[in-house]
Amino acid sequence: MNLMEEIQRYASDIVGAEQLQKMLASASAEKAPLRVKFGIDPTFTDVHLGHAVPIRLLRLFQEHGHLPVLILGDGTARLGDPTGRNQQRPPLSQEEVEANATTYLQQIGQLLDLDPARCEVRRNSEWFGRMDFFDCLQLAARSTVARMLERDDFQKRMRENLPVHLHEMLYPLMQGYDSVMVRADVELGGNDQLFNLHMGRQMQEREGMRPQVCITTPLLLGTDGRKMSKSYGNHVGLNAAAHDMYGKIMSLSDEGMESWFALATRLPEERVQELLAGHPRQAKDILAQTIVAEIHGETAAKEAAEEFVRRFQKKDLPSEIPQQTLPCARYALPNLMKDAGLVSSTSDARRLIQGGGVRLNQEVVKDVRLEVDLTTSGSEVLLQAGKRRFVQVRAVD
RNA sequence: GGGGAGAUACCUAAGUGGCCAACAGGGAUGGACUGUAAAUCCAUUGGCUCAGCCUUCAGAGGUUCGAAUCCUCUUCUCCCCA
């Protein structure tokens, strides 16, 4: 399979496909790697598998000798980003953004070779940080209100009488300007980024540069079938522990499997079809193991799968249970659960107990007033809330 | 700058003086079922020293025996006009 074909597998839209063909051909003829840009805003602490789709595509380019140009939108992140989730992200402080950027890089490094010789990492504060207001106005003068209003997200919010802030209009411009500054040949992004990618093309043209090719990737859906997003809690973080990642993928809905195979693994099409024809449970197991293996290694993936079976099919205890020490005392069960960090309030604990979701030393407890005697130093109890929250509590003087 | 509408719990959204910790739906959590899928059913969804008490309806004051509901000011949003 040549690069172009592989790109097609991940792409939902390619703006300038013929141009890309030519660029790839001349790049290999002249041994001049293409500069492939991908931008990400360090607005949260982690990157999830949804972000990983374009990053995978980026790696593909890298493997074929092209140069990934990773942009950390540390400037844009501080503004907050209108990503169609209707509520604006809060602006962040410089420290927060920097901390996020660090974890982002570390996580992206699991998928992409960040060696400076093979990848360029840039922060857009590098150029935005030294622009003054007049420069900013000049930038704003390069587009029009009508053009910005074409953006779906803005239109939607206007229709719903929700606020669209002025600075949000500048966001696509900033992203476009990034492309100018790094002289991108190609830019990758999620499906929802098409507008912004186009903006880069347009701005490069105005600068007399060759406009970048834009490639968008389909959005990977979350485990519940909605768009993967931290605010829905349906995401799988790249920094998730192996067993956690495995478990989350196992809870993926059956309908989502096909696209996950396509977007989150490199398994060949025939193999995927074969798996999908079999029992969904098994196909999902392969899916989960494949993804976990890529990040945590084969061994960890196997172990995660075994642990999963042990815990959820045989209902055994997990192999590792968090420990917690508490001062010696008699504890009312709800308070014990709260102190052990199993729940956030005693009211919450009471509800769980009444709902039959709490086990003390593996026995279901339904009595809210139960007291637990931990007056002897060294005494221990095992607490369980729901299917997956466990704590081993140990009393100390 | 002028006029109008609005801000309720995680989200949508009812409630216009006591029956309101606040209808309903979504989501979430727990339970049953199961393949930690889907569908379905049940329960829960502010806090606590929990048959009781305390704090919530944008914020600050006020009226009242009593306010999410009435009044004043403030902040924020939307719409129309300029």
Side-chain angles (χ1 to χ4, degrees), chain A residues 80 82 84-88 90-91 154-168 221-236 240-261 275-289 292 304-318 329-339 342-360 363-371 383-390:
Chain A
R85 279 178 310 129
N86 286 356
Q87 78 236 89
Q88 307 86 326
F154 292 155
Q155 284 194 17
K156 182 158 170 273
R157 279 153 65 188
M158 304 273 278
R159 240 182 288 125
E160 291 170 9
N161 286 348
L162 291 169
V164 174
H165 293 270
L166 213 45
H167 78 270
E168 297 183 55
L221 295 179
T223 48
D224 59 356
R226 290 184 289 171
K227 180 189 167 185
M228 184 179 286
S229 155
K230 280 171 197 107
S231 40
Y232 292 147
N234 62 358
H235 67 291
V236 179
H243 68 272
D244 196 30
M245 190 180 278
Y246 181 92
K248 281 193 170 162
I249 297 169
M250 286 307 279
S251 73
L252 173 70
S253 56
D254 289 0
E255 295 73 51
M257 271 204 285
E258 184 161 9
S259 93
W260 273 60
F261 269 118
L275 285 167
L276 288 175
H279 192 290
R281 165 77 175 74
Q282 201 183 354
K284 218 175 284 175
D285 170 59
I286 303 282
L287 174 68
Q289 281 205 47
V292 174
E306 284 161 14
E307 169 88 359
F308 184 83
V309 169
R310 193 160 53 237
R311 275 184 69 173
F312 297 107
Q313 280 183 8
K314 300 187 184 153
K315 308 234 172 174
D316 285 351
L317 294 174
R330 286 183 70 80
Y331 288 90
L333 186 53
N335 297 284
L336 179 61
M337 291 171 65
K338 186 186 168 195
D339 292 350
L342 214 50
V343 293
S344 57
S345 70
T346 57
S347 301
D348 196 16
R350 281 165 179 276
R351 279 179 224 120
L352 265 172
I353 295 166
Q354 281 162 348
V358 174
R359 283 163 191 263
L360 176 67
E363 296 292 324
V364 175
V365 179
K366 288 208 163 182
D367 180 9
V368 173
R369 277 173 299 194
L370 185 81
E371 295 214 334
L383 289 172
Q384 177 180 359
K387 286 195 188 73
R388 51 190 112 167
R389 281 172 286 165
F390 292 85

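Per chain, numbering begins at 1; letters A, B, ... match sequence-line order.
Remark on RNA chain B: of its neighbouring residues A/G357 and A/S251, the 5'-side contact belongs to A/G357, judged by nearest-heavy-atom nucleotide.
A donor-acceptor contact under 3.5 Å links the side chain of A/D254 to the base of B/rG35. Evaluation of atom-type donor-acceptor distances gives a pair under 3.5 Å for the side chain of A/T346 against the base of B/rC50.
The separation of B/rA43 from B/rA67, taken at their P atoms, amounts to 34 Å, rounded to a whole angstrom. Spacing of C1' atoms, B/rG25 relative to B/rG18, comes out at 28 Å, to the nearest Å. Remark: the separation of the C1' atoms in B/rU55 and B/rA68 is 14 Å, to the nearest Å. A distance of about 8 Å separates the C1' atoms of B/rA22 and B/rC57, rounded to the whole Å. Using C1' as the reference atom, B/rC10 and B/rC19 are 28 Å apart when rounded to the nearest Å. With both ends at atom C1', the span from B/rC23 to B/rA14 equals 6 Å, rounded to whole Å. To the nearest whole angstrom, the two P atoms, one in B/rC54 and one in B/rA37, are 43 Å apart.
Using a 4.0 Å heavy-atom criterion, one finds that A/R311 contacts no nucleic acid atom at all. Looking at heavy-atom distances under 4.0 Å, A/K366 makes no contact with the nucleic acid at all.
Side-chain proximity of A/S347 to the nucleotides B/rU45, B/rU34, B/rC48 is greatest for B/rC48. Out of B/rG47, B/rU49, B/rG35, the shortest distance to the side chain of A/N335 is found at B/rU49.
The pairing partner recorded for B/rC76 is B/rG6, the criterion being a Watson-Crick or G-U wobble arrangement whose two distances lie under 3.5 angstrom. With a cut-off of 3.5 Å on both pairing distances, the Watson-Crick or G-U wobble partner of B/rU12 is B/rA24.
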